[in-house]
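What follows is a set of notes on a single structure, which appears directly below.
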Amino acid sequence: TDRSFSDWQVRQGRVDAIILLLLWLVSIASEPISRTRLGDGAAAWMIGTTSIAMCSGVILGIVSGLVFLCRSLSVMIDAFCCDMVNDMQPQEIAEMWNLTQAVLRQTSNTIGTCLVVLCVVLAGMLPVLLADLTVFDGSQAPVVLPTLCVSCGITYVLFLAAQVSEQCVRIPALVNSLSFGPGTDVARQLTVDYITSSAAGFYVFGTRLTTTMVAKVMYVCIIVMVGMMTRLDTSSGPSAFPSVVAPSS
């Protein structure tokens, strides 16, 4: 079981690394394309590409570390469930869960500040993305790709962190479905109540992060951004945000 979980973690880690690497490469490759379409010189091309590579590389590098930690927590919970199903008694389950939730709480407290900083960065990127979509016309679509790629990476780690809490929610139902032999119903129910009341999960400054919470935040951000774009297009007119069009050859 340990070997299978280790292999699964390695494979999933490779997938996560490939996803984040692709996001970084797309953000870098889009900058020369947008600079070329805007007709900028070689100096602006090099400065823009270098700055995008450094900024997006730092942010996505931090994201990759958080993704690895969130995946490790997810694997730890899955391993606990497998050990529980194979051969564990209610008392042993309660003791092991006490250790598991302590690791979850300590890890989330350690990286919670970093996750909040990434959320602040994501919130700051939304006005930049809005300005790029408003100022540039459809021919300059590569301009928004660096901001969009970094935003996707931050959103990815937020959903992975929320997935840890979702796994913890399903554990009481799993324990309640197990049979530990005759005369263990009361002990099983006490274990289920203990796991439920522990409310384990991924906490950020005392708030339990869930998939529903992250999805609602993303939904509100998209609605606000679309509403602001519509308002700017209808009320401000083209003079407020003139389109930048590449000079014709």
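Just so it is clear, the values below take in all heavy atoms, side chains as well, and ignore hydrogens, waters and symmetry mates. Numbering starts at 1 and runs along the sequence shown.
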Item to check | Atom pair CD (Gln101) and CD1 (Ile171), whose distance is rounded to the nearest 0.5 Å | outcome: 10.0 Å
Checklist entry - Going from SG on Cys70 to CZ on Phe159, what distance comes out if it is rounded to the nearest 0.5 angstrom? => result 13.0 Å
Next on the checklist: Check whether Arg188 reaches the backbone of Leu178 with its side chain - one donor and one acceptor, N or O, closer than 3.5 Å.
Outcome noted: yes
Next on the checklist: Working note: Leu66 + Leu118, criterion side-chain contact (heavy atoms from CB on, under 4.5 Å); need CA distance, chi angles, decisive distance, verdict.
Outcome noted: CA-CA 10 Å; Leu66 296 180; Leu118 289 179; 3.4 Å; yes
Checklist entry - So, do Met76 and Thr100 sit near enough that their side-chain heavy atoms are less than 4.5 Å apart? => result yes
Item to check | Shortest non-hydrogen contact from Leu20 toward Gly153 | outcome: CD2-CA, 4.4 Å
Checklist entry - Going through the checks in order, is the ring-ring contact (aromatic ring centres under 6.0 Å, His included) test met by Phe80 and Trp97? => result CA-CA 8 Å; Phe80 167 78; Trp97 179 249; 5.3 Å; yes
Checklist entry - Does Gln163 reach the main-chain N or O of Ser74 with its side chain, forming a donor-acceptor pair under 3.5 Å? => result no
Checklist entry - Has the side chain of Trp24 got a donor or acceptor atom that lies under 3.5 Å from a matching backbone atom of Ala53? => result yes
Next on the checklist: I need the minimum non-hydrogen distance between Ser56 and Val150, along with the two atoms involved.
Outcome noted: CB-CG2, 3.8 Å
Checklist entry - Can you tell me how far CG of Leu73 sits from CZ of Arg71, rounded to the nearest 0.5 angstrom? => result 11.5 Å
Item to check | Leu209 backbone acceptor or donor facing Ser165 side chain under 3.5 Å | outcome: yes
Next on the checklist: Could you check whether any side-chain heavy atom of Cys114 comes within less than 4.5 Å of a side-chain heavy atom of Ile62, counting everything from C-beta outward?
Outcome noted: yes
Next on the checklist: Applying side-chain contact (heavy atoms from CB on, under 4.5 Å) to Val175 and Met84, what does each step give before you reach the verdict?
Outcome noted: CA-CA 8 Å; Val175 177; Met84 177 179 61; 3.2 Å; yes
Next on the checklist: Any non-hydrogen side-chain atom of Ile19 less than 4.5 Å from a side-chain atom of Tyr156?
Outcome noted: yes
Item to check | Thr155 (side chain) donor-acceptor with Ser151 (main chain) under 3.5 angstrom | outcome: yes
Checklist outcome for this item: So CZ of Arg11 and CG of Asp16: to nearest 0.5 Å the spacing works out to 13.0 Å
Checklist entry - Should the heavy atoms of other residues, nucleotides or ligands under 6.0 Å from OH of Tyr194 be counted, would the total exceed 12? => result yes
Checklist entry - Of the non-hydrogen atoms in Ala200 and Cys168, which two are nearest, and what is the gap between them? => result O-CB, 3.4 Å
Item to check | Min side-chain heavy-atom separation Gln189-Asp185 under 4.5 Å | outcome: no
Item to check | Cation-pi, Phe202 ring and Arg208 (6.0 angstrom, 45 degrees) | outcome: no
Item to check | Side-chain donor or acceptor of Asn109 paired with backbone N/O of Arg105 under 3.5 Å | outcome: yes
Item to check | Pairwise distance CG(Leu69) to CG(Leu160) - rounded to 0.5 angstrom | outcome: 11.0 Å
Item to check | Spatial distance of atom CG (Leu158) from atom CG (Leu115) [nearest 0.5 Å] | outcome: 5.0 Å
Checklist entry - Taking all atoms of both residues into account, what is the closest heavy-atom pair of Thr210 and Ala162, and its distance? => result C-CB, 3.3 Å
Checklist entry - Could you walk me through whether Gln12 and Val75 pass the side-chain contact (heavy atoms from CB on, under 4.5 Å) check? => result CA-CA 10 Å; Gln12 195 61 48; Val75 171; over 6 Å; no
Item to check | Whether Thr196 side chain and Asp193 backbone form a donor-acceptor pair below 3.5 Å | outcome: no
Checklist outcome for this item: Val157 and Ile154 have their tightest heavy-atom pair at CG1-O, 3.1 Å
Checklist entry - Yes or no on side-chain contact (heavy atoms from CB on, under 4.5 Å) for Thr113 and Val204, after CA distance, side-chain angles and deciding distance? => result CA-CA 8 Å; Thr113 303; Val204 178; over 6 Å; no
Next on the checklist: So does Gln89 get a backbone contact from the side chain of Glu92, meaning a donor-acceptor N/O pair under 3.5 Å?
Outcome noted: yes
Checklist entry - Looking only at heavy atoms, what is the nearest atom pair of Ala94 and Thr191, with distance? => result N-CG2, 4.3 Å
